[in-house]
2 protein chains.
Amino acid sequence: MTSQESEASRVGQVLAQLSSSGHRITNPRRHIVTALVQAGGHLTAEEVATAVQRRDPSVHLATVYRTLDALERAGVIIHIHLGHGRAIYHLADSSHYHLYCQQCGSVREIPQSEVDDLFALIGRAYDFEPSLGHFAIIGTCGRCIDRRGSKGNRSRGTSPESIA
Amino acid sequence: MTSQESEASRVGQVLAQLSSSGHRITNPRRHIVTALVQAGGHLTAEEVATAVQRRDPSVHLATVYRTLDALERAGVIIHIHLGHGRAIYHLADSSHYHLYCQQCGSVREIPQSEVDDLFALIGRAYDFEPSLGHFAIIGTCGRCIDRRGSKGNRSRGTSPESIA
DNA sequence: TTTATTGCAAATTATTTGCACATCA
DNA sequence: TGATGTGCAAATAATTTGCAATAAA
């Protein structure tokens with residue numbers, strides 16, 4: 001199976017799910033799902049719109065938002081927040097958390113299982129059930145830490161500098 | 001020392017810090033700092049403005065934002081994000097993280113030291129330095145978990161800010 | 001045909017900014 | 001006095017919504 005074939009079938013699957021949850025299949029929706037599948041990763045609504053508009057410039061950003069919403073309610077995609085700004089969307093096929101670097105904007109995935117134990121501890125200690133899925137873990141990635149260290153060599157690490 | 005006295009001295013301290021970091025002391029700023037000190041906890045910019053305007057209605061919300069910004073750059077206050085919506089501000093005197101319940105909107109503080117070890121593990125494993133200070137840990141507080149468990153439905157009558 | 005969906009423009013929310021005037025050091 | 005700070009209105013940024021026109025089932 002070539003990558004185009006598997007992409008096409010994935011698009012079909014997603015559209016089928018959308019359809020079976022009571023929604024109609026339209027041209028804008030086909031393009032939006034295709035963009036999501038082809039990206040393979042995380043896209044902002046605006047990035048989805050840009051990709052879609054390369055194929056059909058008439059598709060409006062508002063339609064993208066509405067479709068992303070419909071896809072999410074149908075359970076095929078998920079959106080998460082990277083701190084301040086926009087949300088990013090991805091297919092709901094793998095359960096992972098996100099590490100978002102405030103410096104360089106990179107997003108990395110970490111498998112859910114690896115962190116759940118840690119957060120379960122917080123939950124037990126504070127009678128609180130953290131939901132890390134919906135918000136990224138904000139911080140600084142290793143590359144940016146290195147870059148910072150080689151330059152000004154600023155006090156970081158244990159010091160309470162996390163106020164940005 | 002009465003509570004009014006200690007409040008007043010705290011206000012004085014904060015204003016002194018603001019002054020010594022090169023800013024001027026004005027009437028709006030006095031009121032804003034007082035509101036922050038009296039609240040003792042976490043306030044949104046709008047809540048600060050409301051409190052301030054009870055004493056001086058002419059103080060504009062934009063001034064509140066600008067002053068909060070100045071106070072933050074002077075190192076006396078900190079703001080953190082509760083997920084989607086607004087930011088909350090508090091005095092920078094205690095280092096703590098925040099547990100934000102999406103259901104009921106409650107915010108609880110947890111001492112920084114207790115969670116740092118856990119997050120250091122993530123950092124080591126993924127070459128990533130999480131900065132939890134600036135964003136709340138989102139989730140569901142124990143009371144809301146219980147409520148959800150016992151009633152088994154989604155009616156959350158007490159939620160002040162129901163954020164998806 | 002009938003209801004969902006779309007495009008567009010206008011509204012929202014939280015915050016920021018340009019500007020002319022007021023005020024603190 | 002002269003840089004800072006203030007009130008106000010208008011600008012952002014990301015997203016949502018009302019509505020009349022269109023298209024899917």
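Every chain is numbered from 1, with letters handed out A, B, ... down the list of sequences. These figures come from a predicted structure and were not determined experimentally.
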Which residues in residues 18-34 of chain B have a heavy atom closer than 4.0 Å to any atom of DNA chain D? B:H23, B:R24, B:T26, B:P28, B:R29
If I take atom CD1 from residue A:I88 and atom OG1 from residue A:T44, how far apart are they, to the nearest 0.5 angstrom? 9.0 Å
Measuring from atom CD1 of A:I78 to atom OH of A:Y89, what distance do you get when rounded to the nearest 0.5 angstrom? 12.5 Å
Measure from CG on A:L15 to P on C:dT5 and round the result to the nearest Å. 13 Å
Using a 3.5 Å cut-off and no angle test, enumerate the donor-acceptor pairs between side-chain atoms of residues 35-43 of chain B and protein atoms at least two apart in sequence or in another chain.
residue : atom : partner : partner atom : Å
B:H42   : NE2  : B:H98   : NE2          : 3.1
B:H42   : NE2  : B:E109  : OE2          : 3.2

Roughly how many Å is it from CG in B:D69 to C1' in D:dT6, rounded to a whole number? 15 Å
What's the spacing between A:L15 CG and A:R29 CZ if we round to 0.5 Å? 10.0 Å
Nearest-angstrom distance from the residue atom CG of A:D56 to C1' of D:dA23: 14 Å
Among residues at least two apart in sequence or on other chains, which ones pass side chain to side chain donor-acceptor pair (under 3.5 Å) with B:Q13? B:R10
Tabulate below the donor-acceptor pairs under 3.5 Å that side-chain atoms of residues 57-64 of chain B make, not counting sequence neighbours, or state none.
residue : atom : partner : partner atom : Å
B:S58   : OG   : B:D56   : OD1          : 2.7
B:H60   : ND1  : B:A62   : N            : 2.9

With sequence neighbours left out, write down each residue that passes salt bridge (charged side-chain N to carboxylate O under 4.0 Å, His left out) with B:R73, or none if nothing qualifies. B:D69
Counting only heavy atoms and a strict 4.0 angstrom limit, can you tell me which residues of residues 57-67 of chain B come near DNA chain C? B:L61, B:A62, B:Y65, B:R66
Residue pairs, two or more places apart or on separate chains, that pass ring-ring contact (aromatic ring centres under 6.0 Å, His included) and touch residues 9-37 of chain A: none
